[in-house]
Amino acid sequence: MTFEELNEDYSVERMDSVIKALEEVLRSTLPQGCITVGVYEAAKSLNVDPDNVVLCILATDDDDVKDVALQIHFTLIQAFCCENDINILRVNNTRRLAHILGGAGMHGSEQMDLHCILVTVPHASTWKNPAMGKVNRFCRESRCMDQWVPIINLPER
């Protein structure tokens with residue numbers, strides 16, 4: 001096996017590990033009421049209490065790339081998160097995100113806005129979660145490689 005093949009295997013394994021950690025973070029914080037869903041709701045939450053936001057997830061599907069208004073919202077949210085030292089991830093599969101959140105993508109018969117999800121913690125300094133630690137480490141390592149908003153490709157399951 002060449003160095004490139006070993007490095008690629010490590011990258012795939014590392015990404016799988018981060019995806020599993022992200023899923024665990026979402027599943028564990030949802031029942032605690034520590035998830036804010038929706039671009040508008042996220043903006044309100046960031047305005048009121050940014051200190052308790054530990055992760056911002058910006059999610060898109062292929063069709064969303066052409067949505068100029070959504071991209072403007074993303075730019076503003078990213079700038080705010082960077083200014084307030086909040087980790088940001090881009091995720092490319094809102095259907096998978098809805099599945100991870102246990103069908104939380106539906107509100108009655110309406111589709112919820114899963115384009116922005118905030119993970120908040122009431123007492124951030126006392127909350128310890130190994131999965132969140134792994135996601136934070138991934139974000140920090142990505143920033144060290146000048147990738148300020150790392151992209152995670154969520155596979156269908």
Side-chain angles (χ1 to χ4, degrees), residues 11-12 14-107 110-122 124 127 129-157:
S11 295
V12 169
R14 178 175 176 248
M15 189 56 69
D16 286 344
S17 173
V18 171
I19 290 169
K20 287 178 184 163
L22 177 60
E23 289 177 9
E24 173 61 29
V25 166
L26 293 173
R27 286 192 177 112
S28 66
T29 54
L30 183 63
Q32 299 174 33
C34 295
I35 299 278
T36 302
V37 178
V39 172
Y40 179 71
E41 292 79 4
K44 285 193 316 188
S45 181
L46 286 168
N47 187 46
V48 172
D49 193 11
D51 294 335
N52 287 328
V53 177
V54 293
L55 179 65
C56 176
I57 300 166
L58 302 174
T60 58
D61 288 318
D62 292 337
D63 299 340
D64 297 324
V65 175
K66 297 176 186 172
D67 186 342
V68 175
L70 182 62
Q71 297 307 318
I72 290 170
H73 286 298
F74 278 5
T75 300
L76 294 171
I77 290 169
Q78 285 176 45
F80 188 90
C81 289
C82 286
E83 183 73 23
N84 288 278
D85 297 321
I86 298 169
N87 286 323
I88 312 166
L89 290 175
R90 269 313 267 258
V91 175
N92 73 339
N93 189 339
T94 57
R95 285 184 312 278
R96 177 71 183 130
L97 215 44
H99 180 74
I100 292 168
L101 293 171
M106 296 299 288
H107 183 62
E110 285 184 31
Q111 181 75 17
M112 285 184 68
D113 175 13
L114 292 173
H115 291 109
C116 185
I117 298 172
L118 298 180
V119 176
T120 58
V121 179
W127 186 62
N129 181 316
M132 189 69 224
K134 187 173 283 192
V135 171
N136 285 338
R137 194 168 36 259
F138 172 75
C139 290
R140 188 173 51 250
E141 290 169 358
S142 295
R143 282 193 302 274
C144 288
M145 296 184 299
D146 287 332
Q147 186 180 12
W148 290 91
V149 184
I151 298 171
I152 292 182
N153 298 312
L154 286 179
E156 293 291 338
R157 302 234 180 182

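In this chain, numbering begins with 1 at the start of the sequence shown. As a basis for the values below, the full set of heavy atoms in this structure was taken, side chains included, without hydrogen atoms, waters or symmetry mates. Keep in mind it's a predicted model, so treat the numbers as computed, not measured.
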* Evaluate side chain to side chain contact (heavy atoms under 4.5 Å, CB included) for V25 paired with V54, printing each intermediate quantity in order. => CA-CA 11 Å; V25 166; V54 293; over 6 Å; no
* Asked: Given the rule in the side chain to side chain contact (heavy atoms under 4.5 Å, CB included) test, do F74 and H115 qualify, once you have shown the distances and angles that lead to the verdict?
  -> CA-CA 9 Å; F74 278 5; H115 291 109; 4.0 Å; yes
* Would you find a donor on one side and an acceptor on the other, under 3.5 Å apart, between the side chain of N92 and the backbone of L154? -> yes
* Backbone N/O of E41 and side chain of S45: donor-acceptor pair under 3.5 Å -> no
* To do: Report yes if some heavy atom in the side chain of V53 is under 4.5 Å from a heavy atom in the side chain of T120; otherwise report no.
  => yes
* **Flag side-chain contact, heavy atom, 4.5 Å: H99 against E156** => no
* Shortest non-hydrogen separation from L101 to L114 and the atoms involved -> CD1-CD2, 4.0 Å
* Structure fact -> Separation between SG (C139) and CE (M132), nearest 0.5 Å, reads 7.0 Å
* To do: Look only at the side chain of Q71 and the backbone of D64, and say whether a donor-acceptor pair between them is shorter than 3.5 Å.
  => yes
* Looking only at non-hydrogen atoms, find the nearest pair between D113 and V37 and report the distance. => O-CG1, 3.1 Å
* To do: For the pair R14 and E141, evaluate side chain to side chain contact (heavy atoms under 4.5 Å, CB included) and give the outcome as yes or no after the intermediate values.
  => CA-CA 12 Å; R14 178 175 176 248; E141 290 169 358; 2.6 Å; yes
* Asked: If every non-hydrogen atom of P155 is compared with every non-hydrogen atom of N93, which pair is closest and at what distance?
  -> C-ND2, 4.4 Å
* Determine whether V135 and V119 make a side-chain contact, defined as any pair of heavy atoms from C-beta on separated by less than 4.5 Å. => no
* So, the side chain of N129 versus the backbone of A131: is there a donor-acceptor pair under 3.5 Å, distance only? -> yes
* Asked: Once you round to the nearest 0.5 Å, how far does CG of L26 lie from CG of L97?
  -> 6.0 Å
* Side-chain contact test, heavy atoms from C-beta onward, threshold under 4.5 Å: evaluate it for M15 versus F138 and give yes or no. => yes
* **Closest approach of I86 to C56 (non-hydrogen atoms, all atoms of both residues)** => CG2-N, 4.1 Å
* If you measure from CD1 on I151 to CD1 on I88, what distance do you get to the nearest 0.5 Å? -> 12.0 Å
* Starting at SG of C81, measure out to CG of L118 and round the result to the nearest 0.5 Å. => 6.5 Å
* To do: Could you tell me whether E83 atom CD has more than 12 heavy atoms of other residues or ligands within 6.0 Å of it?
  => no
* Return yes if a side-chain donor-acceptor contact under 3.5 Å exists between N87 and R143, otherwise no. => yes
* To do: Looking only at non-hydrogen atoms, find the nearest pair between L46 and P50 and report the distance.
  => O-CD, 3.1 Å
* To do: Quick one: pull up CG in L55 and CD1 in I117 and give me the separation to the nearest 0.5 Å.
  => 9.5 Å
* Verdict with reasoning, V18 to L89, per side chain to side chain contact (heavy atoms under 4.5 Å, CB included) -> CA-CA 11 Å; V18 171; L89 290 175; 5.5 Å; no
* Asked: Atom CD1 in I19, atom CD in E24: separation rounded to 0.5 Å?
  -> 14.5 Å
